[in-house]
Amino acid sequence: MSGGVDSSVAAWLLREQGYDVIGLFMRHGQQLAAACEVALDATPPRKQGCCSEADAADARRVAELLEIPFYAVNFETEFGRIVDYFVDEYVSGRTPNPCIVCNTWLKFGKLVEYADSVGAQFVASGHYARLTTSETSTEPLLRCGHDATKDQSYVLFGIDRPLLPRLLFPVGEHRKDEIRQIAGRLGLRVADKRDSQEICFVPDQDHARFIREHLIAQGRTDVNTSGDFVTTDGTVVGRHDGFERFTVGQRKGLGIALGDPRYVVRIEPDTRRVVLGTRAELARDELTAGGANWLCDEPTGPLHCQVKIRYRSRPADATVEVLSQERFHVRFDEPCHGVAPGQAAVCYRGDQVLGGGWIE
């Protein structure tokens, strides 16, 4: 329970379906808001700690209204791995997706271990996704949420397949406006609370500042990411003060005027160059992804499906072929724009998530 409307209504929906619900708030220790002590109804079986005041208070009030136990679980140490990953990826010239890593490592990783420790059968969240079974198997299939504008199946591709039978996504069957209406009828203060759409541990969304401060805190003061803007033919057209400020496909905020629209087509961490090009030069016919995780039987031959390269991108028709060492190759039917190393390539068959991997 994050203190938002989705997880709050998810808890209510589960209770209405007859489950014994335990509310958990993950404290990650990265927020800058003032800390507070959370009043708990009972002593939790594992460690707990302080959390951000506003969200913890919202989650606690919802738990009290629903008359369910509420625990604040201290994952500060574990969350530090996600922050390190975020910084290291940017310094390597890649574009990270910490939400996927958090879902894989913590929400559907460490929280499953926590569930085992308290004898809980399922782990549930407020994600807009669904789990269904087919006519030929009882094994759950991960599918998109009914509300296409809020679908979050992309960020769940990394879940271990054996865990799917233990997961519940109750809000995935609803549209966002329905979830807010339910919260309003229940009298929840979070009914109109604004959605959290940014990275939770970078409150002001100044990634470059956060990365620089994190590097300094680690004693890595010798890291220099400043360099040249160059066009695809190698012409130097300006200077930048850190390539971590940019991502492949970016057009706005470059601070470079070249007469016609230019995009970031490549980041070169070794030379510290940010390469700019036209939209045509941004197009890619293929990609390779590593760290593959399949939520279906691994394809044994060419698989024609749809592939998303970003959370908000449209699925593109493509042919996927499995390579060795948990890698796969994607060839798009039509050129795809904005393929960014570090982001996820997630494979779909219609609304079913087949699996995915990290773009190399």
Side-chain angles (χ1 to χ4, degrees), residues 94-97 99-100 103-104 127-137 139-159 161 164 169 172 175 232 247-251 261 263-266 277-360:
R94 295 162 60 86
T95 303
N97 193 315
C99 292
I100 295 176
N103 286 327
T104 304
H127 283 94
Y128 284 84
R130 295 177 298 133
L131 289 167
T132 67
T133 55
S134 68
E135 296 178 355
T136 59
S137 173
E139 181 182 13
L141 306 177
L142 179 63
R143 297 187 182 275
C144 299
H146 274 313
D147 190 338
T149 66
K150 293 295 181 181
D151 172 54
Q152 294 172 301
S153 60
Y154 174 86
V155 298
L156 301 175
F157 90 85
I159 295 174
R161 184 180 177 185
L164 292 181
F169 301 122
R175 294 185 56 82
T232 50
T247 183
V248 172
Q250 181 176 338
R251 175 185 173 187
Y263 302 80
V264 175
V265 300
R266 189 168 67 253
T278 63
R279 179 168 173 76
E281 291 173 317
L282 182 65
R284 295 290 181 270
D285 294 319
E286 58 187 347
L287 65 82
T288 300
N293 183 64
W294 295 102
L295 298 178
C296 64
D297 293 339
E298 184 177 290
T300 57
L303 170 68
H304 195 263
C305 60
Q306 299 78 47
V307 177
K308 287 184 69 170
I309 60 167
R310 298 238 187 190
Y311 174 49
R312 292 298 183 188
S313 71
R314 297 180 63 179
D317 290 329
T319 298
V320 173
E321 293 193 62
V322 173
L323 307 175
S324 61
Q325 299 179 332
E326 298 184 340
R327 299 168 73 236
F328 61 86
H329 179 265
V330 176
R331 180 170 292 279
F332 298 105
D333 290 6
E334 300 290 340
C336 197
H337 297 80
V339 176
Q343 286 289 297
V346 180
C347 306
Y348 290 79
R349 180 187 290 119
D351 67 352
Q352 180 189 351
V353 180
L354 303 177
W358 299 99
I359 299 173
E360 297 179 347

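The figures here come from the full heavy-atom set of this structure, side chains too, leaving out hydrogens, waters and symmetry mates.
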Value rounded to 0.5 Å, distance of CG in Asn97 from CZ in Phe157: 8.5 Å
Check: Leu287 main-chain N/O paired with Glu360 side-chain donor or acceptor under 3.5 Å: no
Ser153 side, atom OG; Leu131 side, atom CG - distance, nearest 0.5 Å: 11.0 Å
Verdict with supporting geometry, Val248 and Leu282, side chain to side chain contact (heavy atoms under 4.5 Å, CB included): CA-CA 8 Å; Val248 172; Leu282 182 65; 3.9 Å; yes
Taking every non-hydrogen atom, the tightest pair across Gly145 and Asp151: N-OD1, 2.9 Å
Which atom of Gln152 lies closest to which atom of Leu156, heavy atoms considered: O-CG, 3.6 Å
Salt bridge (charged side-chain N to carboxylate O under 4.0 Å, His left out) contacts in which one or both residues fall within residues 281-295, not counting sequence neighbours: Glu286-Arg331
Distance in Å, Gln306 CD paired with Arg314 CZ, rounded so as to fall on 0.5 Å steps: 11.5 Å
Minimum heavy-atom distance Ala340-Thr247, with the two atoms named: CB-OG1, 4.2 Å
Arg279 side chain reached by Pro261 side chain, heavy atoms, under 4.5 Å: no
Separation between CZ of Phe169 and CG of Leu164, rounded to the nearest 0.5 Å: 7.5 Å
For Tyr154, side chain to side chain donor-acceptor pair (under 3.5 Å) partners two or more places apart: none
Parallel, tilted or perpendicular, as decided by the 30° and 60° cut-offs, for the rings of Trp294 and Phe328: tilted
Ile159 to Leu295 - nearest heavy-atom pair and separation: O-CD2, 3.1 Å
Heavy-atom pair of closest approach, residues Val330 and Val307: CG1-CG2, 4.1 Å
Flag, side chain of Gln352 to backbone of Arg349, donor-acceptor distance under 3.5 Å: no
For the student: nearest non-hydrogen atoms of Val320 and Cys305, plus distance: CG2-SG, 3.6 Å
Side chain to side chain contact (heavy atoms under 4.5 Å, CB included) evaluation trace for Leu303 with Thr319: CA-CA 5 Å; Leu303 170 68; Thr319 298; over 6 Å; no
Worked verdict on Ile100 versus Tyr311 for side chain to side chain contact (heavy atoms under 4.5 Å, CB included): CA-CA 10 Å; Ile100 295 176; Tyr311 174 49; over 6 Å; no
Pairs satisfying salt bridge (charged side-chain N to carboxylate O under 4.0 Å, His left out), at least one member in residues 291-309, at least two apart: Arg161-Asp297
Side-chain donor/acceptor of Glu321 to backbone N/O of His329, under 3.5 Å: no
Separation of Cys144 SG from Arg130 CZ (nearest 0.5 Å): 7.5 Å
Side-chain donor/acceptor of Asp317 to backbone N/O of Glu334, under 3.5 Å: no
Side chains of Thr95 and Arg310, donor plus acceptor under 3.5 Å: no
Gap between atom CD of Gln343 and atom CD1 of Ile359 - 0.5 Å precision: 6.5 Å
